[in-house]
Amino acid sequence: MRTPFDRRDFLTAAAAGLGAAALPAAQPAQAPAVRRGGPSPVVIASANGNRFTHGGSLTCVAQAFALMEKGGDVLEALVAGVNIVELDPLDDSVGYGGLPNAEGVVQLDSCCMHGPLKRAGGVACLEGIRTPSRVAQAVMQHTDHHLLVGRDAQAFARQMGFTVEADLNTEHSRSRWREWKRRVDPEHWLDPAKRSAASLAAGLSMVRDGLLDGEHLYGTINCNGVNAKGEVCGVTTTSGLAWKIPGRVGDSPILGAGLYVDNAVGAAGSTGRGEANLYGLSSFLIVELMRRGLRPKDAGMEALRRIKANTVEKRLLNRRGLPNFNVAFYILGAQGEPAGVSLYGSRYAVCDAQGPRTLPTEALLEGKALDD
Ligand code: GLY
């Protein structure tokens, strides 16, 4: 259980903690200005945004909110927040120690969008850099492009001064990969058609056996924020689908799928089965539905209904004929209205003036994605 949140402790810790390098240390934490009718500053994220601290005192949403409240650039604050999760090997779905692909290589995806500047950047299939969100931000800041991939994304990162490591596995992620390999490939080779089904089945059996967090097969962090000036930004970062075919890119680095921001409307980002989200560009859809007047939660539920309607292949259905995977959206209206929605019950993180907390999502479907 988290202890009740003390705003003064939180801001003091924020100034002294991970964010200190990016903040003038001598500046005292400032109380937010009194606002009348303007946007309510808030940060929303997937639930891992209020879980991992990388040995510090603040979670992602707490760090991002504190930096935002000190007047920092909203995207910079969000990226500093997700860096905590990327660097923390305890989250095996993001950054360093993320679950690797089918060849045992950690390949990372990320994108970010800056509402006020109307700029974006992304990287996909990036190897060797613990913080792909920082590289996505560098693509946004230093290039005319929106997406760099693979070895050339890594070369770009090296040119930008990032440290490139030979291997981002930890002993945990490597041992989970070995176990997956043992389950999926007992005879060394399966024909490709059987292999993807066997891969999913092996992953799910590891979830059932308690070796993997079910949310981490497609695990990701998305984090979106709006400050008192109504500046909306977002970032998504992931190691993608565990044991994916090398080169597979999911929804996370794709603008409109894993993330979409429109400064006048709000932001939406996702975790869960990327293929289901990519098919309908759900984050873009959610923002467009909000533009037409839907509340964040209602816009998210409509996107989930479309995902359900588009899921017709038997291999993707459980015994009840419903999707056998989860997808969740973390949505923010430009005035600061947050909503977390998902196909099946999940959780999301939020931080505002009341402090960081983890809340249940609104679920479209009852029960679990996988039948017991
Ligand atoms: N949503 C993360 C992925 O599918 O890669």
Side-chain angles (χ1 to χ4, degrees), residues 35-46 49 61 64-65 68 74-75 78 111-120 222-236 251-252 254-272 276-311 323 326-354 359-366:
R35 298 172 194 102
R36 292 186 187 84
S40 307
V42 61
V43 172
I44 186 171
S46 38
V61 288
F65 187 77
M68 216 170 71
V74 175
L75 182 59
L78 301 176
C111 75
C112 62
M113 293 186 77
H114 198 293
L117 295 179
K118 300 202 180 297
R119 294 185 67 176
N222 161 248
C223 185
N224 309 312
V226 58
N227 66 9
K229 291 187 273 186
E231 294 169 334
V232 186
C233 294
V235 59
T236 302
D251 55 334
S252 300
I254 305 299
L255 306 183
L259 175 68
Y260 198 72
V261 175
D262 186 313
N263 207 54
V265 181
S270 65
T271 61
N277 180 17
L278 274 165
Y279 193 78
L281 290 178
S282 309
S283 293
F284 180 76
L285 172 68
I286 290 168
V287 172
E288 284 308 299
L289 292 172
M290 290 198 291
R291 189 193 306 283
R292 290 169 199 200
L294 263 63
R295 303 276 299 271
K297 183 181 72 117
D298 298 328
M301 293 308 255
E302 176 57 22
L304 291 168
R305 276 191 284 274
R306 291 206 195 175
I307 287 176
K308 175 174 172 283
N310 285 332
T311 305
N326 209 354
V327 176
F329 296 108
Y330 313 95
I331 310 165
L332 207 51
Q335 291 300 306
E337 186 184 347
V341 301
S342 52
L343 276 176
Y344 297 97
S346 186
R347 295 176 308 146
Y348 71 106
V350 75
C351 189
D352 56 17
Q354 308 310 312
L359 302 169
T361 55
E362 179 92 9
L364 180 71
L365 302 171
E366 288 182 357

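Since we're looking at a predicted model, the values are computed, not measured.
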J.: Can you check whether Glu231's main-chain N or O pairs, donor with acceptor, with Asn227's side chain at less than 3.5 Å?
T.: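 Checking the backbone N and O of Glu231 against the side chain of Asn227, a donor-acceptor pair under 3.5 Å is found.
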J.: If you define the side chain from C-beta out and look only at heavy atoms, does anything of Arg305 sit under 4.5 Å from Leu364?
T.: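 Side chain of Arg305 against side chain of Leu364, heavy atoms only: contact under 4.5 Å found.
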J.: Evaluate the side-chain proximity of Ile307 to Leu343: yes if any heavy-atom separation is below 4.5 Å, no if none is.
T.: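 Result yes, sub-4.5 Å side-chain heavy-atom pair found.
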J.: Looking at every non-hydrogen atom in both residues, tell me the closest pair between Ala257 and Leu278 and how far apart they are.
T.: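 So the minimum-distance heavy-atom pair works out to CB-CD2, 3.8 Å.
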J.: When rounded to the nearest 0.5 angstrom, what distance separates CZ in Arg291 from CZ in Phe284?
T.: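 If I round to the nearest 0.5 Å, the distance is 7.0 Å.
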J.: Which pair of non-hydrogen atoms, one from Ala45 and one from Gly49, has the smallest distance, and what is that distance?
T.: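 Minimum heavy-atom contact is CB-CA, 4.2 Å.
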J.: Distance check, rounded to the nearest 0.5 Å: Thr361 atom OG1 versus Arg347 atom CZ?
T.: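 One finds 9.5 Å between OG1 of Thr361 and CZ of Arg347.
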J.: With side-chain contact (heavy atoms from CB on, under 4.5 Å) as the test, pick out the partner of Cys233 among Val261, Val74, Val226, Asn224.
T.: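 Result for side-chain contact (heavy atoms from CB on, under 4.5 Å) with Cys233: Val74.
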J.: Any side-chain heavy atom of Leu78 within less than 4.5 Å of one from Val43?
T.: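 Touching, per the 4.5 Å side-chain cut-off.
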J.: Pro39 and side-chain contact (heavy atoms from CB on, under 4.5 Å): which single residue from Lys229, Gln335, Glu337 fits?
T.: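 The residue from Lys229, Gln335, Glu337 that satisfies side-chain contact (heavy atoms from CB on, under 4.5 Å) with Pro39 turns out to be Gln335.
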J.: Calculate, to the nearest 0.5 Å, the distance between atoms CG and CD1 belonging to Leu259 and Ile254 respectively.
T.: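 Interatomic distance, Leu259 CG to Ile254 CD1, rounded to 0.5 Å: 11.5 Å.
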J.: Rounded to the nearest 0.5 Å, how far does NE2 of His114 lie from CZ of Arg119?
T.: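 Arg119 atom CZ to His114 atom NE2 measures 9.5 Å (nearest 0.5 Å).
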J.: Indicate yes or no for a side-chain donor-acceptor contact from Asn263 to the backbone of Val232 under 3.5 Å, with no hydrogens or angles considered.
T.: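 Confirmed, Asn263 side chain pairs with Val232 backbone.
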J.: So do Ser282 and Phe329 actually touch side chain to side chain, heavy atoms under 4.5 Å?
T.: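 Result yes, sub-4.5 Å side-chain heavy-atom pair found.
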J.: Quick one: are Asn222 and Val235 in side-chain contact, heavy atoms under 4.5 Å?
T.: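 No. Closest side-chain heavy atoms not under 4.5 Å.
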J.: With a 4.5 Å cut-off on side-chain heavy atoms, are Val350 and Val61 touching?
T.: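 They are not in side-chain contact.
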J.: Could you tell me if Asn277 and Ser270 have a donor-acceptor pair between their side chains, going purely by distance under 3.5 Å?
T.: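 Checked: Ser270/Asn277 side chains pair up, N/O donor to acceptor below 3.5 Å.
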J.: For the residue pair Ile331 and Met290, establish whether any side-chain heavy-atom pair is separated by less than 4.5 Å.
T.: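 Yes; the side chains approach each other to less than 4.5 Å.
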J.: Search all heavy atoms of Ala264 against all heavy atoms of Ala334 and return the closest pair with its distance.
T.: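 That closest heavy-atom pairing would be O-CB, 3.8 Å.
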J.: For Pro296 versus Gly333, what's the shortest heavy-atom pair and its separation?
T.: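 Smallest interatomic distance, heavy atoms only, reads CG-N, 3.9 Å.
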J.: Out of curiosity, Met301 CE to Leu294 CG, how far, rounded to the nearest 0.5 Å?
T.: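 Answer rounded to 0.5 Å: 12.0 Å.
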J.: For residues Ala303 and Ile286, report the shortest heavy-atom separation together with the two atoms involved.
T.: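 Result for this residue pair: CB-CG1, 3.6 Å.
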J.: Before you tell me yes or no, could you show the steps for Cys111 and Leu255 under side-chain contact (heavy atoms from CB on, under 4.5 Å), namely the whole-Å CA-CA distance, both residues' side-chain angles and the distance that decides it to 0.1 Å?
T.: CA-CA 7 Å; Cys111 75; Leu255 306 183; 3.9 Å; yes
J.: Is the closest side-chain heavy-atom distance between Asp352 and Pro338 below 4.5 Å?
T.: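 Side-chain contact under 4.5 Å: no.
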J.: So Tyr348 and Tyr330, would you call those rings parallel, tilted or perpendicular, with 30° and 60° as cut-offs?
T.: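 It falls in the tilted class, 30° to 60°.
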J.: Who passes ring pair (Phe, Tyr, Trp, His ring centres under 6.0 Å) against Tyr344, sequence neighbours left out?
T.: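 Once residues adjacent in sequence are excluded, Tyr344 has no partner under the ring pair (Phe, Tyr, Trp, His ring centres under 6.0 Å) criterion.
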J.: Can you tell me how far the CD atom of Glu288 sits from the OG atom of Ser283, to the nearest 0.5 Å?
T.: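 It comes to 12.0 Å.
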